[in-house]
2 protein chains.
Amino acid sequence: MVAVTGTRPGRRPTIVDVAAAAGVSKSLVSLALRGDPGVSEETGARILAAADRLGYRSNRLARGLVQGRTMILGVLLTDLANPYHTEVVAGVEEAAEARGFTVLLAHGRRDRERLEHQLDSLLQLNVDGVVVVSSWLGAAALADAARRVPVVMVGRPREFAPGVDTVANDDEAGARAAVRHLLELGHTRIGHLAGSGSPSSRSREAGYRETMREAGLAEEVLVRPVGDDRDRAAAELLAQGPGAVFAVNDLAALAVLDHAPPEVSVVGYDNTSLAEVTRPRLTSVDQPRAIMGRLATELLWERMGGRTGDRHEVLAPALVVRDSTAPPGERRECGAP
Amino acid sequence: MVAVTGTRPGRRPTIVDVAAAAGVSKSLVSLALRGDPGVSEETGARILAAADRLGYRSNRLARGLVQGRTMILGVLLTDLANPYHTEVVAGVEEAAEARGFTVLLAHGRRDRERLEHQLDSLLQLNVDGVVVVSSWLGAAALADAARRVPVVMVGRPREFAPGVDTVANDDEAGARAAVRHLLELGHTRIGHLAGSGSPSSRSREAGYRETMREAGLAEEVLVRPVGDDRDRAAAELLAQGPGAVFAVNDLAALAVLDHAPPEVSVVGYDNTSLAEVTRPRLTSVDQPRAIMGRLATELLWERMGGRTGDRHEVLAPALVVRDSTAPPGERRECGAP
DNA sequence: AAACGCGCCTGGAACGTTCCAGACGATTGT
DNA sequence: ACAATCGTCTGGAACGTTCCAGGCGCGTTT
């Protein structure tokens, strides 16, 4: 399996090698490999056979260079370990694949500078579009990228970048649904373990406050930002004696569950895979992540088709009720069923 | 911010545009942008300024084409959602970055055919090396890829592919450590919820059987394969009344925890992020994933440097003791501390 | 004074593909 | 019989870089 006849030694075979082996011009090889109808059946078969024999693989760099597009979509992630992100990616991949694109992921590893660097790498590769699954990237960097290639951001940006479409869920509505669920169970003393000032977390907090006010419970509003130390924040919030807690995300909710007596109901946000796995299983607000990913890809597609105006899509989340919520005074279950 | 002077309209600026703007040859621009010492300080500054003004970004396709290498490492993953994988990736990224490589990820989405397709995509991109974090890929596909570019597989292959280095943990040793821990706590009736025949799971089962035999407990050996329905398998295993269970991985361990009375001790394998999050927190065998990722990158590096013989590295795992194991008869804790 | 070395710069040839204009026979239409 | 058309196929020009051989001016050595 070492030296295959017809190939220059030590080099990967090119279209020219295949052409020589099949006794035709390189142009015809190119046509044949792409299945062009203007190639006679017999010659086509011979070319394919030769390519196969030589172990030829097309060189995407060269193709991309001459065509000016690569049929590659780049996905930029802050944090691979975040299950929220990965489900969005699955949606992107599905839609991209259907349109013949290859998806490559670049990873920022929770570091803003690295994130910008990775975005740059993708641009240098001439990807045909970028989906950014991160709120960490600044509007300037995003807008700059959008000047060269379609860019969609999944999530809620601090600031809208011109030329960049966005896909987000309606955080305020999700928060409302969570709080309403607790109200309907009969809770009144509902606290909120809040986020750290990101646009999403602010909307969630606003939804919480609003719903409490509408229920005539403005005095019961109890908010504690989660800060750096989730456990401390959870403990301090619980020290105020709420009957239920709406947490800004699942991890925060877990911290609450950990410190709360079993009568306290807890709702999370994001419906990550954690929610299924913990005991009690966590009631949580689900973002339609796969759909968001698909939609992001469609927005890219539209941009490639020439759309110029910016679009900002907001999707409705849905509450998923599990075992961590119960009427006041009832114990959540714990451990084996 | 629309039409920048000096750029041909509608095209991204190239090195030639920069050259024209700075009044030098394209060759000099190339040298200047790469920081070649043979460029006078003054001219260099002028070129950089021009590049900046035009918003120039180097084209990696063209560079890769002429240099024959891309300074990109590809990582092929079966399953993004698997936290085991993502930590390996972090290790790869760290080591790759230190050597000036960019890491791009391709995702097989738990589909073998897609996995092969993605591998092909990476090869077409002329990546300088591939780390495969998956046991799904056949030896033939791996060997084929290894013929064009260095390939390292992280995990235990069903069959060693020629030309492909591997990095794995010592599953048998890990299993021994887990079982010994249970023995030391005083357990004798130790069951095993086994995997589905992958090389890793077979080694883990072997380690279990061996250790039981050495402890004179050959008669107590109790093995149930996990199959498709984890919950059923766990319930059936528990119906045999073991005092402790060593499970083939964390997810299987969780299924056992779910159905077991609190006196039953449980050990998992892989020490995924789940282990920290469940209650009781799961005792589990940890693979040094980040180190495995780094090592994989180093093996690639060696191959690039010309090594030809195959290397198969096996790293020692370590047991992480948490709350899911206790002496026989004692209750594991549950819920708040 | 010629030769050499050095710092700085340039033009053209790669790299592997696709695109384009057109060549060559054979067939068809008038 | 001649032009037009069609099905196949070809050679060269892109694409945007890097690499290479060398050029020019100037100071230093022989």
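Just so you know, these numbers come straight off a predicted model, no measurement behind them.
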So does A:V167 get a backbone contact from the side chain of A:E313, meaning a donor-acceptor N/O pair under 3.5 Å?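 Side chain of A:E313 to backbone of A:V167, a donor-acceptor pair under 3.5 Å: no, none is there.
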
Write down the distance between [atom1] ([X]) and [atom2] ([N]), rounded to a whole number of angstrom.
X: B:R69; N: C:dG16; atom1: CZ; atom2: C1'; answer: 18 Å
X: B:M71; N: D:dT18; atom1: CE; atom2: C1'; answer: 15 Å
X: B:Q67; N: C:dC15; atom1: CD; atom2: P; answer: 14 Å
X: A:L65; N: D:dC15; atom1: CG; atom2: C1'; answer: 4 Å
X: B:L28; N: C:dC9; atom1: CG; atom2: P; answer: 5 Å
X: A:I15; N: D:dT10; atom1: CD1; atom2: C1'; answer: 13 Å
X: A:R60; N: D:dG16; atom1: CZ; atom2: P; answer: 19 Å
X: A:L31; N: C:dT18; atom1: CG; atom2: C1'; answer: 9 Å

Of the options [options], whose atoms approach the side-chain atoms of [X] most closely?
X: B:V39; options: C:dT17, D:dT18, C:dC9; answer: C:dC9
X: B:V66; options: D:dG11, C:dC15, C:dT17; answer: C:dC15
X: B:Y56; options: C:dC19, C:dT18, D:dT17; answer: D:dT17

Checking all strands, does A:R34 fall into the base, sugar-phosphate, or nothing category for heavy-atom contacts under 4.0 angstrom?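 Sugar-phosphate contact only - A:R34 comes under 4.0 Å of backbone atoms but never of a base.
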
Donor + acceptor pair across side chains of B:H107, A:E93 (<3.5 Å):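 Yes - a donor-acceptor pair under 3.5 Å links their side chains.
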
Among side-chain atoms of A:S40 and A:T43, is any donor-acceptor pair under 3.5 angstrom?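 Side chains of A:S40 and A:T43: pair found under 3.5 Å.
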
[X] side chain N/O closer than 4.0 Å to the phosphate oxygens (OP1, OP2) of [N]?
X: B:S30; N: D:dT17; value: no
X: B:S58; N: D:dG16; value: no
X: A:T43; N: D:dC9; value: yes
X: B:T14; N: D:dG16; value: no

Residue whose nearest DNA chain D nucleotide is more 5′ - A:S40 or A:K26: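 Comparing both residues, the 5'-ward one is A:S40.
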
Would you check if B:R307 and B:D165 make a side-chain contact, meaning some heavy-atom pair closer than 4.5 Å? yes

Between B:V92 and B:G293 the two heavy atoms that sit nearest each other are CG2-O, 3.5 Å

Quick check: any donor-acceptor pair below 3.5 Å linking the side-chain of B:S25 to the base of C:dG11?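 No, no donor-acceptor pair under 3.5 Å.
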
